[in-house]
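Within every chain, numbering begins at 1; the chains are lettered A, B, ... in the order of the sequence lines, protein sequences first and strands thereafter.
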Amino acid sequence: DQQVKQNSPSLSVQEGRISILNCDYTNSMFDYFLWYKKYPAEGPTFLISISSIKDKNEDGRFTVFLNKSAKHLSLHIVPSQPGDSAVYFCAALKAGANNLFFGTGTRLTVIP
Amino acid sequence: DSGVTQTPKHLITATGQRVTLRCSPRSGDLSVYWYQQSLDQGLQFLIQYYNGEERAKGNILERFSAQQFPDLHSELNLSSLELGDSALYFCASRPSGLANTGELFFGEGSRLTVL
């Protein structure tokens with residue numbers, strides 16, 4: 001039962017343009033939503049998160065939007081840079097729980 | 001460098017065998033998590049330890065077991081290996097003393113190949 005879904009396995013974007021990565025979830029009990037970035041041969045690294053009481057969180061070029069009614073979140077990267085090329089995982093955490101639920105990842109390629 | 005150390009980085013073994021993966025969390029972190037990433041899959045939560053005690057269990061097979069030692073390092077034991085156990089196994093630790101907001105620090109992973 002995949003509670004966090006990333007339906008786009010890959011995305012290609014031109015350098016300087018906006019990258020939009022999407023994520024859907026099924027469990028309304030999730031309290032925090034996170035994005036992790038993973039480069040080849042490295043472990044995932046935390047990128048940005050958002051609490052369920054907010055609808056937007058911004059950190060530099062990265063913004064995460066949360067639409068609770070649609071059970072959907074998205075990560076916007078503006079402007080996209082070649083160094084952003086990586087696999088991006090969406091993850092969610094239930095209040096009071098210990099473990100994260102991860103999506104299957106979206107491979108972003110930023111073309112110079 | 002996340003500060004989480006995993007060994008070995010790569011491991012090739014045969015079906016039916018047993019392996020042990022090792023993880024050292026960041027200095028001061030009491031929680032250790034184990035995740036499995038199979039081909040084209042997201043990270044699947046296996047198990048979590050906090051200061052030596054099991055705290056949460058996910059989709060961990062009975063053939064798999066884990067423990068956390070007094071020095072806080074953790075080991076994941078995989079036995080009676082099957083081809084489908086081939087995967088990347090990640091260890092992660094969580095900063096102590098903070099509310100759990102899901103921010104974990106991951107090691108580089110151990111890639112297990114079962115032939």
Side-chain angles (χ1 to χ4, degrees), chain A residues 1-10 21-27 29-54 57 59 64 66 73 86-107, chain B residues 1-7 9-10 21 23-26 29-51 53-60 66 87-96 98-111:
Chain A
D1 178 24
Q2 193 73 23
Q3 298 189 45
V4 178
K5 300 176 185 178
Q6 294 176 258
N7 293 319
S8 298
S10 63
L21 295 93
N22 293 303
C23 177
D24 297 297
Y25 62 95
T26 58
N27 194 327
M29 296 300 292
F30 286 137
D31 206 32
Y32 280 95
F33 301 89
L34 304 93
W35 287 93
Y36 280 80
K37 179 168 73 172
K38 185 183 179 305
Y39 292 119
E42 294 184 12
T45 55
F46 169 75
L47 184 60
I48 191 170
S49 65
I50 187 167
S51 164
S52 61
I53 63 174
K54 296 187 176 180
N57 188 27
D59 183 3
V64 56
L66 176 63
L73 67 155
V87 177
Y88 289 79
F89 290 97
C90 172
L93 177 73
K94 282 187 217 176
N98 288 308
N99 57 297
L100 288 173
F101 290 85
F102 281 87
T104 52
T106 296
R107 181 178 301 278
Chain B
D1 182 5
S2 67
V4 177
T5 304
Q6 288 188 248
T7 57
K9 286 188 168 31
H10 301 275
L21 309 180
C23 169
S24 293
R26 295 187 329 150
D29 289 355
L30 302 178
S31 283
V32 168
Y33 297 73
W34 285 97
Y35 282 85
Q36 177 194 55
Q37 185 187 15
S38 301
L39 190 64
D40 294 332
Q41 297 291 312
L43 285 79
Q44 300 292 322
F45 171 68
L46 295 178
I47 198 164
Q48 181 219 352
Y49 281 82
Y50 178 84
N51 202 20
E53 294 187 1
E54 182 185 305
R55 278 295 177 91
K57 217 168 190 176
N59 299 321
I60 187 167
L88 261 174
Y89 291 85
F90 287 104
C91 170
S93 70
R94 177 163 67 84
S96 301
L98 298 176
N100 187 6
T101 59
E103 184 175 348
L104 301 178
F105 292 84
F106 282 84
E108 294 182 352
S110 293
R111 181 174 293 282

With chain A as the partner, which of B:A56, B:G102, B:S2, B:C91 has the greatest number of non-hydrogen pairs under 4.5 Å?
B:G102
Looking only at A:F33, A:Y36, A:F89, most heavy-atom pairs under 4.5 Å shared with chain B are made by A:Y36
Segment of B:Q37 engaging chain A (4.5 angstrom heavy-atom cut-off):
side chain
Under a 4.5 Å heavy-atom cut-off, does chain A meet the side chain of B:Q48, its backbone, both or neither?
side chain
Tightest non-hydrogen contact, residues B:F45 and A:L100, listed as CB-O, 4.2 Å
Heavy-atom distances under 4.5 Å only: say whether A:L34 touches chain B with side chain, backbone, both or neither.
side chain
Min side-chain heavy-atom separation A:P44-B:L43 under 4.5 Å
yes
Inter-residue atom distance B:F90.CZ - A:K38.NZ, 0.5 Å rounding
4.5 Å
Heavy-atom proximity to chain B below 4.5 Å, by part of A:A91:
neither
Honestly, the part of A:Y32 sitting under 4.5 Å from a heavy atom of chain B is side chain
Nearest-0.5 Å distance, CG of residue B:N59 to CG of residue A:N99
9.0 Å
Side chain, backbone, both or neither: which part of A:F101 has a heavy atom under 4.5 Å from chain B?
neither
Whatever's closer than 4.5 Å to a heavy atom in chain A on B:L104 counts as both
Structural part of B:Y35 lying under 4.5 Å from a heavy atom of chain A
side chain
Please look at A:Q6 and chain B and tell me whether the side chain, the backbone, both or neither of the residue comes under 4.5 angstrom of a heavy atom of that chain.
neither
Cut-off 4.5 Å, heavy atoms of chain B, and the answer for A:A92 is neither
Would you give the length of the straight line joining atom CD of B:E103 to atom OG1 of A:T45, rounded to the nearest 0.5 angstrom?
10.0 Å
What about A:F46 and B:F106, are their ring centers closer than 6.0 Å?
no
